[in-house]
Amino acid sequence: MGAKDGLMGRLLGSADKFSDKQIRETLMSMVEYGVKRGASDIHIEPHERSVLVRYRIDGTLRGIHKLPKNALNVCIAQAKALADLNVQQTELPQEGHYTMTIEGKEVEVRITTMPIFGGEKAVLHLSMHQGKPHDLAALGFWGAGLSTLQTVLANPYGLVVVAAPRHHGGSSTLFSLLDQINSPLVSIATVELRPKHRLPGVSQTYLSSSNMTMHEGLQAALKQDPNVVMLSTVTDGATAGTAVQAAATGHLILAGLHAENSSAALLSLRAAGVEPFLLVTTVRAAVGQRLVRKLCPECRERYTVSDEEWAELVHYFGMSAASARKRVHELERAAAPAIFGDVKQLGSTPTRITHLWRPGKTGCSTCDHTGYQGRTAIVEVQPSTEALHKALLNRDIISAAALQAVTLKDGFVPLTLDGLIKALRGQTTAAEVLRVSKSIA
């Protein structure tokens, strides 16, 4: 960590007092470093003898810089001032935002503060105002799931749900879906918490710059009779009910939910008061996703799976039945042309997994010696089927696991299985898939 602290040391040195210029340059350097490394947020935390600055990169926190302990208050005060917060208020949480330009790109910095033992902690959430969304294949969709979404988007009305925990790419998927149908012939409105993408020809409303609730924004958008409405997050039962009613009366509604997976998202809509018969008639597809770290293509290594690891894979990925092992092999064969096509060898046979991939032992300069570079999504796409309809109408099915058990019989590919296929194709590791999906019902 010492070598990486050189810049901070030059800016702040070991002085007892710091000039406004030093503090401004320090904060700017933190944000510049975070943007260049692709960090989603920066944590400024008081510790016993120093201030630790940690960056969340590819979903994991890395302690990078240390500041003198007496720099904490002036750094946080400067950040508050930039966000028009109360600099003197240190005993209550605060939230605000400001923008800055780095290498010609506009970056929104949203700051949240919290009093903790030892002082205040501040987190700077970084959001680039992104351009054109990625296509669905680039995000991680393939095979039957991708075909389902393409078919669904051709329908003029209905409900498409995108379920993901916070910071797991749900909004990126929503914008990619919108981009597929955006045209001069289609009227599209969005109601979003805050800006992320700017889509030409789309009427976008940001709640962060208004006093509206999500429900009020949806109601106002519907009064202008758009063909398509995208909600970045369904926040309550009233919003859910209005969205489903709109989907039933001629609108295509794309809705984000913070949920564990697609089954949990559908059950949460039902629990929010949406009548099951309306869900059955309006839902066209439900997407679930998580982000996993992507192996660096320059230094990843292919290795032979040991008997001990194979036994663990059987347990964690539910491959005790011969039919399950055969299905993994068939899915990998189908995925081979679409996912990491530069990998020719298969990592499975009809009876077991023979090879997987792992990070290089020391990494390389391309991935900053971490073995990983960027993130990709593991996904599931639940189509509207008769089995799903019967399960949603059955009030006795109250858990996501029970709902998923029904849909698995129709050939549904859940998140963990999609992740395993991507691990076989060299995109990520089996351990990484289990790390992000361990709480999935």
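Hydrogens, waters and symmetry mates play no part in the numbers below; they use all other heavy atoms, side chains included.
The distance from atom NE2 of H197 to atom OG1 of T190, rounded to the nearest 0.5 Å, is 11.5 Å.
Between K80 and E120 there is a salt bridge, since at least one side-chain N of the basic residue sits less than 4.0 Å from a carboxylate O of the acidic one. Taking 4.0 Å as the cut-off between side-chain N and carboxylate O, K36 and E103 count as a salt-bridged pair. Under 4.0 Å is where a charged nitrogen must lie from a carboxylate oxygen, and between R290 and E260 at least one such pair does. Classification of D41 and R56 as a salt-bridged pair holds, one side-chain N sitting under 4.0 Å from a carboxylate O.
With respect to S348, the side chain to side chain donor-acceptor pair (under 3.5 Å) criterion is satisfied by exactly one of R333, E332, H355: E332.
Side-chain contact check for Q404 and S263: no donor-acceptor pair (N or O, by modelled atom type) lies under 3.5 Å.
Ring pair H65/Y55 is perpendicular by interplanar angle, where above 60° counts as perpendicular and below 30° as parallel.
Annotation: Y157, atom OH; neighbour count of heavy atoms from other residues, nucleotides and ligands within 6.0 Å does not exceed 12. Heavy-atom neighbours of R302 CZ from other residues, nucleotides or ligands within 6.0 Å: above the threshold of 12.
Checking side-chain atoms of T242 against main-chain N and O of T239 turns up no donor-acceptor pair under 3.5 Å. Side chain of D418 to main chain of I378: no donor-acceptor pair is present (N/O by atom type, distance under 3.5 Å, no hydrogens or angles).
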Evaluate side-chain contact (heavy atoms from CB on, under 4.5 Å) for L392 paired with L388, printing each intermediate quantity in order.
CA-CA 6 Å; L392 288 173; L388 177 65; 4.0 Å; yes

